[in-house]
Amino acid sequence: MKIKILGTRGKIPQSDPRHKNYSGILIDEKILVDAGEAEYLKYEPEAIVFTHFHPDHAFFVFNNEVFSPEIPLFGPEPQELVPHLKVVSKKFRIGEYSFTPVPVIHALHLKSLGYIIQKGEKSIFITGDVAWIEKANLQEFPHVDLVITEASFLRKGGMIRRKEDKIFGHTGIPDLIRLLSPHTKRMVLVHFGSWFFKDVQESRKKLKSLETEDLEIIPAHDGLEIEV
């Protein structure tokens with residue numbers, strides 16, 4: 001699989017020439033996972049799969065515009081702006097690609113899914129934004145060739161809020177490494193928070209310092225291409 005990272009900026013005012021676009025991941029120039037920018041449609045994807053419907057992952061939410069391109073659209077819950085959306089909760093296929101949804105805790109009022117995407121013997125896991133992933137949902141989780149996850153907060157614990165018995169927000173990069181490193185040897189970080197933009201080069205060094213003998217960490221930039 002050829003993975004192209006189209007955007008690496010979280011929903012923040014800060015940006016950088018190599019980190020200016022919101023979320024979007026293009027697979028083999030065919031399938032788009034999240035569409036944080038309208039310009040991603042220029043790639044003419046054959047299908048779009050949404051992790052959740054926050055505006056930095058679904059550009060049309062910013063202006064409350066109906067989104068109805070003539071291609072298959074998939075996501076975790078009904079969205080009135082996407083009239084032709086197919087809501088998914090179980091394994092599904094798009095051509096030669098198998099998608100296995102993984103429930104992810106992120107927002108208080110929105111459902112979120114990560115996706116294990118398999119093509120032949122190769123597989124990746126795209127988490128979307130994460131407050132947490134229940135360990136029960138990782139018990140039978142396969143080893144994957146690549147994990148693409150978020151980097152909103154460098155500090156352990158991130159920023160997690162609680163309301164009654166629910167948590168929401170973004171966990172920290174150390175927590176994601178602890179949670180996901182048993183399932184992969186390569187981790188790509190996207191969706192950078194404001195901490196990253198204080199000194200981009202120094203921030204990249206800090207991320208690389210979190211590597212271990214068993215885990216390669218790849219701080220992404222807009223336009224990064226990775227072969228799996």
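Predicted, not measured: the structure shown is a model, and the values here were computed from it.
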Asks: Under a single-linkage definition using a 4.5 Å side-chain heavy-atom cutoff for Ile, Leu, Val, Met, Phe, Trp and Tyr, are I173 and I217 assigned to the same hydrophobic cluster?
Replies: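 I173 clusters together with I217.
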Asks: Is L207 close to I218 at the side-chain level, that is, under 4.5 Å between some pair of heavy atoms?
Replies: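 Contact flag for I218/L207 side chains = no.
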Asks: Pairs under 3.5 angstrom only: tabulate donor-acceptor contacts from the side chains of residues 55-76 to other protein residues two or more places apart or in another chain.
Replies:
residue	atom	partner	partner atom	Å
D56	OD2	H191	NE2	3.0
H57	ND1	D34	OD2	2.8
H57	NE2	D129	OD1	3.2
H57	NE2	D129	OD2	3.1
S68	OG	H84	NE2	3.2

Asks: Decide side chain to side chain contact (heavy atoms under 4.5 Å, CB included) for I105 and V130; before the verdict, give the C-alpha distance in whole Å, the side-chain angles of both, and the deciding distance to 0.1 Å.
Replies: CA-CA 6 Å; I105 299 169; V130 182; over 6 Å; no
Asks: Is M1 linked to V190 within one hydrophobic cluster, defined over Ile, Leu, Val, Met, Phe, Trp and Tyr using a side-chain heavy-atom separation of less than 4.5 Å?
Replies: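 Same cluster.
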Asks: Which heavy atom in L215 sits nearest to a heavy atom in R186, and how many Å separate them?
Replies: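 That would be CD1-N, 4.0 Å.
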Asks: Run T51 and S112 through side chain to side chain contact (heavy atoms under 4.5 Å, CB included) and show every step you take.
Replies: CA-CA 6 Å; T51 59; S112 298; 5.8 Å; no
Asks: Under 3.5 Å, side-chain donor or acceptor atoms of residues 221-228 against the rest of the protein: list the pairs with distances, not counting sequence neighbours.
Replies:
residue	atom	partner	partner atom	Å
D222	OD1	T8	N	2.9
D222	OD1	T8	OG1	2.6
D222	OD2	K20	N	2.9
D222	OD2	N21	N	2.9

Asks: Salt bridge between K30 and E46, side-chain N to carboxylate O under 4.0 Å?
Replies: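 So K30 does not pair with E46 through a salt bridge.
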Asks: The criterion is ring-ring contact (aromatic ring centres under 6.0 Å, His included); which residues satisfy it with Y40, sequence neighbours excluded?
Replies: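 Y40 satisfies ring-ring contact (aromatic ring centres under 6.0 Å, His included) with no other residue.
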Asks: Treat each ILVMFWY residue as a node, draw an edge where side-chain heavy atoms are under 4.5 Å apart, and state whether I148 and Y43 are in one component.
Replies: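 In one cluster: no.
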Asks: For G114 versus V104, what's the shortest heavy-atom pair and its separation?
Replies: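 Residues G114 and V104, closest heavy atoms: N-CG2, 3.4 Å.
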Asks: Output yes when a side-chain donor or acceptor of S23 lies under 3.5 Å from a complementary backbone atom of G36, and no otherwise.
Replies: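 No, because the side chain of S23 does not come within donor-acceptor range (under 3.5 Å) of the backbone of G36.
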Asks: Given 3.5 Å as the limit, does a donor-acceptor pair link the side chain of R162 with the main chain of D165, or not?
Replies: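 Looks like no, no N/O pair under 3.5 Å.
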Asks: If you compare all heavy atoms of I12 against all heavy atoms of R9, which two are closest, and at what distance to 0.1 Å?
Replies: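 Here I12 and R9 meet closest at O-NH2, 2.8 Å.
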Asks: With side chain to side chain contact (heavy atoms under 4.5 Å, CB included) as the test, would you mind laying out the steps for I25 and L32 before giving the verdict?
Replies: CA-CA 6 Å; I25 300 166; L32 180 61; 5.9 Å; no
Asks: Y115 vs T100, test: side chain to side chain contact (heavy atoms under 4.5 Å, CB included). Steps then yes/no.
Replies: CA-CA 5 Å; Y115 298 97; T100 302; over 6 Å; no
Asks: Can you tell me which residue pairs pass the side-chain hydrogen bond (donor to acceptor under 3.5 Å, both in side chains) test with a partner in residues 136-149, sequence neighbours excluded?
Replies: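 Sorted pair list: T127-T149.
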Asks: Who pairs with E44 by side chain to side chain contact (heavy atoms under 4.5 Å, CB included), at least two apart in sequence or on another chain?
Replies: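 Expected list: none.
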Asks: Does F192 have any ring-ring contact (aromatic ring centres under 6.0 Å, His included) partners at least two apart in sequence or in another chain, and if so, which?
Replies: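 ring-ring contact (aromatic ring centres under 6.0 Å, His included) list for F192, sorted by chain: H19, F196.
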Asks: How far apart are the closest heavy atoms of G158 and D175, and which atoms are they?
Replies: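 Heavy-atom minimum between the residues: N-OD2, 4.3 Å.
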Asks: If we ignore hydrogens and angles and just use 3.5 Å, is the side chain of E216 paired with the main-chain N or O of M187 as donor and acceptor?
Replies: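 No: the side chain of E216 does not pair with the backbone of M187.
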Asks: Roughly how far, to the nearest 0.5 Å, is CZ of F50 from CG of L113?
Replies: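 So the CG of L113 and the CZ of F50 are separated by 13.0 Å.
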Asks: Decide whether F125 and V188 are clustered together by the hydrophobic rule: side chain heavy atoms of Ile, Leu, Val, Met, Phe, Trp, Tyr closer than 4.5 Å, transitively.
Replies: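 Not linked; separate clusters.
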Asks: Do H170 and E150 touch side chain to side chain, with heavy atoms closer than 4.5 Å?
Replies: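 Answer yes - side chains close enough.
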Asks: Going by atom type alone, with no hydrogens or angles, which donor-acceptor pairs under 3.5 Å involve a side-chain atom of residues 85-94 and a protein atom two or more places apart or on another chain?
Replies:
residue	atom	partner	partner atom	Å
R93	NH2	E96	O	3.3

Asks: With a 4.5 Å limit on heavy-atom distance, are the side chains of I31 and Y97 in contact?
Replies: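 Yes. Closest side-chain heavy atoms under 4.5 Å.
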Asks: Which residues pass the side chain to side chain contact (heavy atoms under 4.5 Å, CB included) test with L110, not counting sequence neighbours?
Replies: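 Once residues adjacent in sequence are excluded, the partners of L110 under the side chain to side chain contact (heavy atoms under 4.5 Å, CB included) criterion are H54, E77, A107.
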Asks: Between the side chain of E37 and the main-chain N/O of E39, is any donor-acceptor distance below 3.5 Å?
Replies: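 It does not hold such a pair.
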Asks: Considering only heavy atoms from C-beta outward, does the side chain of L176 approach that of L189 to under 4.5 Å?
Replies: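 No. Closest side-chain heavy atoms not under 4.5 Å.
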Asks: With sequence neighbours excluded, tell me which residues meet side chain to side chain contact (heavy atoms under 4.5 Å, CB included) with F168.
Replies: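 F168 satisfies side chain to side chain contact (heavy atoms under 4.5 Å, CB included) with L108, R161, K163 once adjacent residues are dropped.
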Asks: Strictly by side-chain hydrogen bond (donor to acceptor under 3.5 Å, both in side chains), give each pair with a member in residues 198-213 just once, sequence neighbours left out.
Replies: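 For residues 198-213: K208-E211.
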Asks: Residues sharing M159's hydrophobic cluster, by side-chain heavy-atom contacts under 4.5 Å among ILVMFWY, directly or via others?
Replies: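 Joined to M159, directly or through intermediates: F153.
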Asks: Considering the options K2, K122, K119, which one meets the salt bridge (Lys or Arg N to Asp or Glu O under 4.0 Å) requirement together with D28?
Replies: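 It is K119; the other options fail the test.
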Asks: Kindly write out the residues that satisfy side chain to side chain contact (heavy atoms under 4.5 Å, CB included) with E164, not counting sequence neighbours, or none if the list is empty.
Replies: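 Once residues adjacent in sequence are excluded, E164 has no partner under the side chain to side chain contact (heavy atoms under 4.5 Å, CB included) criterion.
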Asks: Identify whether L180 and I126 are in the same connected component of the hydrophobic contact network (ILVMFWY, side-chain heavy atoms under 4.5 Å).
Replies: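 No, L180 does not connect to I126 through the hydrophobic network.
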